[in-house]
Amino acid sequence: MNMKLSPVSSKLPVMLHGADYNPEQWLKYPEVLREDIRMMKLANCNVMSVGIFSWVSLEPEEGVFTFDWLDSVLNTFAENGIYAFLATPSGARPAWMSEKYPEVLRVERNRVRNLHGVRHNHCYTSPVYREKTALLNGKLAERYANHPAVIGWHISNEYGGECHCDLCQASFRDWLKVKYNNSLDEMNHAWWATFWSHTYTSWNQVESPAPHGETQVHGLNLDWRRFVSESMIDFCQHEIDSVREYNPELPVTTNMHNIDGVDYRKLAKILDVVSWDAYPDWGYTEDNDDARLAAWTAMHHDMYRTFKHKPFLLMESTPSLTNWQSVSKLKRPGMHKLSSLQAVAHGSDSVQYFQWRKSRGSSEKFHGAVIDHSGHAETRVFRDVAEVGRTLAELQDVVGTTTPVQTAIIYDWDNRWAIKDAQGIRNSGLKYEETVLQHYQALWELGIPVDIIGSEEDFSAYKLVIAPMLYLISEDNGKRIEKYVEQGGTFLGTYWSGVVGETDLCHLGGFPGPLRRTLGIWAEETEGLHSRDLNGLVMDPGNSLKLSGEYDAHEIAELIHLEGAEALGHYRSDFYAGRPALTVNKLGAGKAYHLATRVKDLQFYVDLYAAIAGKERISRTLNSELPVGVTAQLRTDGEHDYVFVQNFSGAEQVVTLDGREYTDVESGAAAPSELKLAVNGLAILKRGAVKA
Ligand code: GLA
Ligand code: ZN
């Protein structure tokens with residue numbers, strides 16, 4: 001059965017390889033532009049993102065448009081077999097606009113309007129900014145939407161930030177009126193506004209959160225976050241509308257980048273293809289733990305793939321170092337290829353960089369690029385890039401392939417916002433993201449493919465759904481989880497779940513609120529522990545997961561009562577000793593596990609998920625043990641599987657394959673049963689598709 005999806009561009013149905021390219025910075029250096037084309041081909045690059053931040057070069061004065069330079073760049077591309085994502089330039093704008101229309105400038109939380117400067121410094125509500133953007137975008141689309149070199153729209157750049165101007169305040173109030181049915185009473189109740197006499201008696205009294213004003217009405221904070229995210233998405237839609245009509249077939253994307261303020265899951269819905277910018281600081285993390293960082297990056301790749309359940313694009317990554325990490329380290333030998341192909345392993349159909357050529361001046365002049373200030377191709381970085389290009393060219397059959405997934409982790413924006421905004425239970429660090437990562441990393445170590453989903457999604461495709469710290473969960477979504485379990489699904493929840501609902505009001509009647517029946521427990525009390533406090537999870541003899549021994553637990557602990565669930569393990573010490581710490585509840589045809597405390601070491605999660613995977617027949621990419629720090633990820637077209645074995649352990653490793661026949665895609669030779677991986681090594685293997 002062929003399961004391939006269509007490529008991002010039918011014009012260029014191959015693995016994409018390229019970079020952000022700003023030739024407008026080099027118009028005074030014609031030889032540079034000529035050299036660029038030659039070297040792009042030499043680097044096996046086939047696509048460049050042009051026009052990002054180029055507004056002043058396209059409209060140097062209000063209403064005066066200069067497209068000649070872009071004509072020439074795109075025509076030269078077309079003559080040379082190079083393609084382009086054409087950007088709308090709204091991420092930064094000319095000074096003349098800020099000077100003439102100050103309303104386009106962003107107002108910060110302190111209510112002070114910014115001066116002209118940097119980028120991403122505009123109001124998403126401003127009618128002038130919207131009008132100017134639509135005008136220029138329309139002209140770009142009219143001229144280039146059908147240009148032979150153009151394969152897609154790169155809408156703006158990394159939408160983010162927030163504006164607190166009067167226009168935005170008014171728009172926020174309108175948004176609230178819609179949400180709360182024009183009823184202040186409804187809004188006041190949703191925000192529990194009688195607390196500290198915060199009841200609003202007129203819509204005009206509502207203001208966005210401010211350091212010298214309101215910061216502690218959690219419902220307001222959460223609604224403001226949602227409003228900001230929605231207005232950015234609305235702005236993106238406005239940009240899409242301004243270009244779409246000129247060529248409805250041209251795919252649209254905008255590059256995402258872990259910006260906390262935008263609910264990317266919602267943004268993804270208005271795009272044709274998801275793309276993101278990944279900048280892991282390899283070899284730099286405090287504990288020098290590249291495996292953990294690799295898992296973190298992998299989790300994000302998986303999330304971006306899951307948004308549309310189809311291949312995404314790695315729109316930016318650095319070919320060497322960045323200029324903004326606290327210490328800018330170079331990628332060690334092998335790491336460029338490994339990290340680039342990691343994206344492909346998780347579903348990317350491209351490897352793209354920021355940036356093609358280092359700028360000569362200004363803020364990013366020391367950011368890594370394919371071409372350094374030396375200006376030629378005789379560099380380590382260039383050779384690394386060209387090698388990735390060669391490998392990508394060998395992976396054409398992988399374009400459009402999918403990842404079969406049986407396990408999902410719930411990771412909601414609302415929950416993330418609410419959990420961090422709450423005061424208590426551990427203000428020194430609740431570590432939500434780190435907790436999600438702990439669960440994810442265990443699955444990554446086991447080579448189990450994962451989708452990262454929202455709590456509003458359909459769970460029926462998954463055998464296992466994991467929800468670490470699902471603090472905010474609506475009644476409805478709680479019911480949907482319950483139904484999923486009743487119908488045979490396996491669910492795993494943890495401490496600090498089912499605490500608040502959609503508007504951040506606590507669930508009444510006992511935590512974990514709408515998950516209580518599913519989990520079969522009542523969490524009577526939950527506490528934060530000091531870093532020096534240590535408890536433990538001691539597995540019960542004969543537990544149904546067949547886990548044994550004990551694991552250290554720390555940071556958060558919950559005193560739970562069994563309400564139908566059975567204990568699998570108990571607390572080790574303190575007045576908790578002997579009370580249940582890991583449970584399972586049978587409900588209908590399924591079961592739900594609950595972990596009441598934060599277990600410290602990754603090994604526990606590896607043991608736990610290996611046991612659950614065994615019980616629920618969840619398939620692993622390779623049916624053999626993987627060394628720590630090595631993962632195997634899967635893409636398939638239904639007839640052939642592509643297995644990407646990646647070594648992030650920092651040492652040489654040997655992986656014993658699982659007895660199936662494998663071909664090494666790069667060499668074309670049969671893979672040995674004992675696969676040797678160098679430090680930062682990778683093998684791309686092909687086999688007949690294994691049925692899940
Ligand atoms: C972001 C931006 C780029 C560039 C890089 C530098 O991802 O989109 O324009 O600034 O960071 O790492
Ligand atoms: Zn504004």
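One-based numbering, in listed order, for ligands and for the atoms of each. We count residues from 1, following the sequence as given.
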Side-chain donor or acceptor of [X] paired with backbone N/O of [Y] under 3.5 Å:
| X | Y | value |
| --- | --- | --- |
| Thr254 | Ile155 | yes |
| Thr253 | Val273 | yes |
| Ser348 | Leu314 | yes |

Reported CG-to-CD distance for the pair Asp302 and Gln633, which is rounded to 0.5 angstrom: 6.0 Å
Distance check, rounded to the nearest 0.5 Å: Met303 atom CE versus Met256 atom CE? 8.5 Å
Examine Tyr129 together with Trp55 and report whether their ring centres are nearer than 6.0 Å. yes
Run the side-chain hydrogen bond (donor to acceptor under 3.5 Å, both in side chains) test on His300 and Tyr411 for me, step by step, so that the C-alpha distance in whole Å, both residues' side-chain angles and the decisive distance to 0.1 Å come before the verdict. CA-CA 11 Å; His300 285 86; Tyr411 189 44; 4.6 Å; no
Closer than 2.8 Å to the Zn ion (ligand 2): how many protein N, O or S atoms are there? 4
Among Arg173, Arg111, Arg109, Glu162, which residue meets the side-chain hydrogen bond (donor to acceptor under 3.5 Å, both in side chains) test with Ser208? Arg111
Listing by chain and number, which residues have a heavy atom under 4.0 Å from ligand 1? Phe53, Arg119, Asn157, Glu158, Asn255, Asp277, Tyr279, Glu316, Trp324, Phe354, Glu364, His367
Considering only NZ, NE, NH1 and NH2 on the basic side and carboxylate oxygens on the acidic side, decide whether Asp414 and Arg265 come within less than 4.0 Å. no
